[in-house]
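Notes follow the structure.
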Amino acid sequence: MAVSQCKHMTASLFGGFYSRRTNVGRVCITIVFLLAYHLLTLFCRMPTTTPPLPVLDPHFHIWDNKTHPNSNLGELTLKELPVYSFRNYEEDCGVGVSGSVHVEAIVGQAEGAVDGLDPVAETRFVLEQLGAEGVRNVNLVVFVKLSDMPRAEAVIEAHRHVAGTRLVGVRMILNHSAEDPSLTWPQVERGDYLTGGSPSFNEGFALLGPRKLSFDLQVNWFQLQDAATFLQAFPDTVVILDHMGCLKLGAGEEEDARRITVWQRGMQALAALPNVFVKLSMLEYIRSGWQSDDTGKGEGDSKSDDTQGDAAGAACTNAHAVVKARVRDTIKWFGPSRCMFASNFPVDKCLLGRDCRPTSLENLVLAQHALVADLPEEEQRQLFIETARKVYKLK
């Protein structure tokens, strides 16, 4: 129940009675009224056991690798889920999602891009999937290679010509590692965009603010502090950090501790910038098995005689605790009004199922909600609805 509803209920209950009492009686009634008001307010601020439905989903993808080949999607996806249409997404959503943001699906940025991918063609494809203009509450974050100046400006305008008011932002993935190739995402050919190595990238980034376009920032955890330094020059551009900074754990206790420390410093640096928001998404990437604790079992609950099974259960419980701690730290640093849960479907559909078995978005939302179920209702609404609505201009 919303706090405003509680206020109205209390006022209605005592208002008429109050007007017919003597002065002494009114004093007593005032005391009772204040006690009741505070009790009802506390009741309304109690956490809810279910997420505030329907939610808004600020991060999903669609593709058709048969008609629009894209090898950047990865071997598992191409084998198990070569086609994921908007209808498939709607089926996964059920009635639990009232608005969404389609984010570009790694459609290329390097010179001589794989498969000759055309980012504006992806925008056309998405709009064809959506059908009639204005029917669905879906906006778009598109790909533009911002370092490709002056062409980047023309590409932005081409996207706008096709998408109209649905165009709300740009993403150019920047995950790069000189030491570990597995942490360099497809077609990210250099790692110095955020450290001054590409003046043309700065020039392209400066196009976004005046056009009221946000930037989806996707980097590795060790790139977060460089991103914070870079973004200080663009206080008027709304920036959304994708996937909580792509922290990746499971590399051993000592290495995980080091990574978390680096991640914490970077996240706190970004949190100091009021124009930066965060998507609480792709949690399976952080630590595999984080949802396995949603059965109600806690540490020490397993009764299995299978030692190997017990070890696996303990690992999953630990994964849940580790991921929950990172989510709650992020909410603490940024505040719920700058955080938003997102599905990252169908990528997380594949990550969670491992072989792209059916994994419903409803189950994902319930698992996400379990991480914040003790927070006040209004904060939960910000995490699942209001932040996404505000940042991505959804209805």
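Along the sequence shown, residues are numbered consecutively beginning with 1.
- Atom CG of Leu167 and atom NZ of Lys212 lie 14.5 Å apart (nearest 0.5 Å).
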*List the steps, then state whether salt bridge (Lys or Arg N to Asp or Glu O under 4.0 Å) holds for Lys349 with Glu80.*
CA-CA 11 Å; Lys349 182 184 180 79; Glu80 302 290 344; over 6 Å; no
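- To the nearest 0.5 angstrom, Phe230 atom CZ is 4.5 Å from Asn202 atom CG.
- By the 30° and 60° cut-offs, the orientation of the rings of Phe215 relative to Phe201 is perpendicular.
- Between atom CG of residue Asp329 and atom CD1 of residue Ile260 there is a gap of 9.0 Å, rounded to the nearest 0.5 Å.
- By the 30° and 60° cut-offs, the orientation of the rings of His61 relative to Trp63 is parallel.
- Residues Met340 and Lys390 fail the side-chain proximity criterion, which asks for heavy atoms closer than 4.5 Å.
- In this structure, His159 and Glu104 have side chains that are not in contact, with every pair of non-hydrogen atoms separated by 4.5 Å or more.
- Ring geometry, His68 versus Phe125: the interplanar angle falls from 30° to 60°, so the pair is classed tilted.
- Distance check, rounded to the nearest 0.5 Å: OG1 of Thr195 to CD of Gln223 gives 9.0 Å.
- Taking the six-membered ring for Trp and the full ring otherwise, Phe384 and Phe341 have centroids separated by under 6.0 Å.
- Using a cut-off of 4.0 Å between Lys/Arg side-chain N and Asp/Glu carboxylate O, Arg258 and Glu255 are scored as salt-bridged.
- Taken to the nearest 0.5 Å, the SG atom of Cys339 stands 5.5 Å off from the CD1 atom of Ile331.
- Minimum heavy-atom separation, Tyr84 to Tyr89: OH-CA, 3.2 Å.
- Of all non-hydrogen atoms in Arg287 and Ala319, the two that sit nearest each other are CG-CB, 3.4 Å.
- With values rounded to the nearest 0.5 angstrom, Gln218 atom CD is found 4.5 Å from Ile173 atom CD1.
- Between Trp290 and His320, the ring planes are parallel. Angles under 30° get that label, and only those over 60° would be called perpendicular.
- Contact of the Glu90 side chain with the Arg136 side chain is registered, since non-hydrogen atoms from C-beta on lie closer than 4.5 Å.
- Put simply, the side chain of Val372 does not reach to within 4.5 Å of the side chain of Glu379, judged on heavy atoms.
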